Every structure is written in C-alpha cells, then in structure tokens.
Amino acid sequence: MLLVNTIRDQFDRVLAGLEKRNFPEAKSILTQVIALDDQRKASQTQRDQLQAESNSISKEIGQLMRLGKKEEAEIIKSKTTELKLQVKELEDKNATAEEELKALLYTIPNIPHFSVPAGKSAEDNEVVFEHGVIPDLGENKVPHWELIKSYDIIDFDLGVKIAGAGFPVYKGKGARLQRALINFFLDEALAAGFMEVQPPILVNEDSGFGTGQLPDKEGQMYHDAADNLYLIPTAEVPITNLYRDVILSEEDLPIKNVGYTPCFRREAGSWGAHVRGLNRLHQFDKVEIVQITHPDHSYRALEEMSSYVQGLLKKLELPYRVLRLCGGDMGFTSALTYDMEVYSAAQERWLEVSSVSNFETYQSNRLKLRFKDGDKKTQLAHTLNGSALALPRIVASILENNQSPDGIHMPKVLHSYLGFDKI
RNA sequence: AGAGGAGUGGCAGAGUGGUCGAAUGCGGCGGUCUUGAAAACCGUUGUACCGCAAGGUACCGGGGGUUCGAAUCCCUCCUCCUCUGCCA
C-alpha cells in the first residue's frame, strides 16, 4: 500500500498515476486519506498527552506508597478515573480512524512508473520487443489439446476424475517434460545468481496481506477454512514474505531468490473461450524469481530480470514478444510490468508466460521489509518478481510450434534434461 | 493428539506489581593507548508513532483483561522444548 506521506507530499503525482489506471474518484479518496490521517494524528497527540499525565500521577502514587502516605495516594488516585475514561475514548477514536485509513489505503493501487502507457485494457499494452520467427505449419496445424491426446502425454479426463476440471494429469513423456523444464529453469536461475528456496505452498493470512493478494483477491485463492491457510497462487507470496518484518543491511542487497512451486488459482468466473487445454488451469507449475533491492537499483534489476526471462525463451527457441502493460491492465500492486508472450502456432495467438514487475515500496510497506542505509536510517526496500517461467503455456507452445509428421521435436537445450529429443 | 515446561533487546541471560525500555555479559559501532594489531579502558548501541525541536507515547511471543500503575497477576491464541502416542 502507499505511504500516507507519499500521498501528502506528492499529491499531484499520485493523482495523475491513479488516473492513468482509470482509478475512479481518485481525488476524493486521496483527500479522505489525508483527512483520516489528520484525525488519527490529532487523537493520538491528545491521547499521548493525557496518558503522560496519567503516567506521572501513577508514579507519584508509587512514591507516596513507598513513603507510607496511603491517604494522600488515595486522594490523587481519584484524579485518574476521568483521565482513564478520556484516554479510552481517544484510543477507540484512534483505532477507528486507523482502521478506516487502512481499509481505504487497501483500495488504492500502486502508482504507475512514468513509462507506463495510459490505457484501459490489454489492447493498449505497448509491444516493446519481438523476437523469433513464427513457424508456418500450413494446413496440418493441430492445437495442443489434440496433440496431448494423440500422444497421450497429458490427460484432462483423468484429472477430472480425481480432482476436477483444470487439474491435468501429466503422463510419461508429458510428466518428464514438466520435470525437465523445472530443472532447466532452476539451473538457469542458479547460474544467474539466484538462491534456490523451497517454501511452503500453504500460507497464512498475514502472508496474503503482505504481498497484496488479500484482501482484494480473496476469491482467487483456495482457502483451507479449518486452519485458515491459503494455497498459494504464485511462489511470489511465500518467497517475498520470507522477508516480512525484516530489517536487512544494505550489503545484503540485492537479494535474489528463485523457487519452484505448484500454483493454485480458482479462476472463478474466468472460464470461457480461449481457455481450452493448457491455457488456463487451477493447478500449474511455475518457477518464480524474486528480488529485493535498494530503491536506487530496482529498475535496473527489473531490466535484468526481463532480459533473463527473454534469455530463457530464446534458449527454448520460442518466438516471443515483450509488452509493457498499460495502466488499465497492470496488476494492482505493480508500478511497472513487462509481460512476455510466446506465440502458439496452432492456436495462432500470443500466450502470456511471464510477468515481470517492480512493486517499488508498495509491498515492502505492507511487509515492513526495510534495510539500514549508509546513514543507518531504515528505509523501505523495493520488491520485484517475475515468472521464469510458468510451464503450461510454454508446453502448449513447444508442442504446437514443433509438431511435425514424425513427432514433436524438443528444444535442444532440454534434451539432456529429458533423456529424449522427440515425442 | 495428550501431559509438563518455556517464550525478555543482534545473541546469551537477570528481573515476579511502582523512578524497568529493562541489570549483566558477549557481539557491533566510535574513541584512548599502540609502529600496526591484540589486550585493556572510556563512550555508544532496538523499533514505531506524534512533534520544527525539547520532549512525549507505545512495544518484554500475539490479542484481551485486572490495577492508580503490568515484563511481572488473570484469560486466550501462537510458537518452541521434553516425555507419551501416531506417522511420511
């Protein structure tokens, strides 16, 4: 969430940013935030004053008691009754203001970076780079949902039987392809200086709030009510929360973590056309990279992460393009997001396989993720993350783009991981 | 899962109702001394909020309560340790 001080000090910039996102009633909400914060400050100052008075009376009573002057102590005791009532009242007022303030701040998305284009929907995203040649499959192109059937490598019906729609079962070479991709992605990330972590895939409420999935995306996550835990929609949640309530030292930065996890998304209400086969699932595998950086270096880190992900796509020999998301299409918590899309030659469409974002201090403010700078002052760090990569659509694209009469050829870089070169 | 014990500052560890934000030791930082280093000695060393500042307030696992006053008493939740049970 945004810092109230940012809203105060850079009101116009914040307002302009929210307008770029088409955030409604921005001005009135920002004004409300400041008013609530003023209220909060006023009631706290008052409370603190009265509490100070009450504290000093208590000390006095303590001294009188020690001297054995019980009667005098009794007399001034009565002075505190009124104070206590007032303090209680102000505390309630303060708590209410704080709650309202927080609730309001939760509704405000991050401020877009200046380079983010204005726009309402995915159509306004800006293509910043394209690479590779789109294969021409001619008349014989077969979509991946048919390929997986004819080669018997991914079984949706079996998944329905044991779990439900959107939970595929990978079999034989299909399963081995999953494992190969995961290992390939992890090895690449290790070579690029990321430290591997294996986090829990169930997280508590605090973690959900820390990275911003809660409160607004509650319905997107599977929830275990018995223990109040959430199945993670992405490894971003547990990995970034590793650093919740942490004060790092400047030398620790940048922190670079990578983790493989399954991801779970309810995708409530988002089924329809274009979601056949592997295009959208309730459970899928993803390798995620996370960075925690000094505020001065976060955009450099974002570019690094973007080229790192592009490097993976090049090694997999997939045609791809990079989009800079527009204000209207960007995630709630992000300041700047690049989406990487691969071309799926039988579906004849671009599929998002990675999303690389800089959250600046939006997450770290919620997470209380800070570092001590050179002047020994604590300040909020910047958090970033990106998929590197999400598997299903990569698989879809590999299958479709490399199909041929004699089978599906695997990208060279995977051969040693797979133990075969063709399906 | 049951029984018992315990959670205090970066770490170790004292403190069981009142000048306790918290002794002491270690570590860290600054300094004296030294050719340099070590040792010794002196000083300093948590976080957040309000305030221009002085200063004030809050925090001793989380939350709630008792009290004029809570690290200390009560309730509740969480976590860890030991024993018993169960189990990949």
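Just so you know, these numbers come straight off a predicted model, no measurement behind them. We name chains A, B, ... by the order of the sequence lines, and we start the count at 1 in each one.
Contact between the side-chain N/O atoms of A/Lys84 and the OP1/OP2 oxygens of B/U67 is not found at any separation under 4.0 Å. Contact annotation: A/Arg40 side-chain N/O to B/C50 OP1/OP2 distance is under 4.0 Å.
Using a 4.0 Å heavy-atom cutoff across all strands shown, A/Lys41 reaches sugar-phosphate atoms only and no base atom. At a threshold of 4.0 angstrom between heavy atoms, the contacts of A/Ile61 include nucleobase atoms, whether or not backbone atoms are also involved. Residue A/Gln44 is in base contact, counting any heavy-atom pair closer than 4.0 Å across all strands shown. Using a 4.0 Å heavy-atom criterion, one finds that A/Thr81 contacts no nucleic acid atom at all.
Ring pair A/His282/A/Tyr222 is perpendicular by interplanar angle, where above 60° counts as perpendicular and below 30° as parallel.
Here the side chain of A/Ser58 is nearest to one of B/C49, B/A58, B/G18, namely B/G18. Considering only the side chain of A/Gln51, B/A58 comes nearest among B/U19, B/A58, B/G69. Checking B/U47, B/U19, B/C50 against the side-chain heavy atoms of A/Thr378 singles out B/U47 as nearest.
For the P atoms, the distance linking B/C49 with B/A12 amounts to 28 Å, nearest Å. Comparing the same atom, P, in B/U72 and in B/A58 gives a spacing of 15 Å after rounding to whole Å. Taking atom C1' on both B/A38 and B/U32, the two are 15 Å apart, rounded to the nearest angstrom. Nucleotides B/G85 and B/G2 are separated by 8 Å at their C1' atoms, to the nearest Å.
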Please output the side-chain donor-acceptor pairs of residues 174-184 of chain A that fall under 3.5 Å, not counting sequence neighbours, one pair per line with the distance.
| from | atom 1 | to | atom 2 | distance (Å) |
| --- | --- | --- | --- | --- |
| A/Arg176 | NH2 | A/Leu418 | O | 3.1 |
| A/Gln178 | NE2 | A/Asp285 | OD2 | 3.0 |
| A/Asn183 | ND2 | A/Arg179 | O | 3.4 |

Below 3.5 Å, can you tabulate the donor-acceptor pairs from side chains in residues 98-105 of chain A to any protein atom, sequence neighbours excluded?
none

Produce the list of close N/O pairs, under 3.5 Å, pairing protein atoms with atoms of nucleotides 7-10 of chain B; give distances to one decimal.
none

Filtered N/O pairs between nucleotides 60-65 of chain B and protein, under 3.5 Å:
none

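Listed by chain and number, the residues in a ring pair (Phe, Tyr, Trp, His ring centres under 6.0 Å) with A/Tyr299 are A/His113 (sequence neighbours excluded). Residues passing the salt bridge (charged side-chain N to carboxylate O under 4.0 Å, His left out) test with A/Lys149, sequence neighbours excluded: none.
Using modelled atom types and a 3.5 Å distance limit, the side chains of A/Ser334 and A/Asn110 yield no donor-acceptor pair. Between the side chains of A/Ser344 and A/Arg393, no donor-acceptor pair of N or O atoms lies under 3.5 Å. A side-chain donor-acceptor contact under 3.5 Å links A/Ser306 and A/Gln310. Under 3.5 Å, the side chains of A/Ser58 and A/Asn55 contain no donor-acceptor pair of N or O atoms.
Between A/Glu98 atom CD and B/A48 atom C1' the separation is 11 Å, expressed in whole Å.
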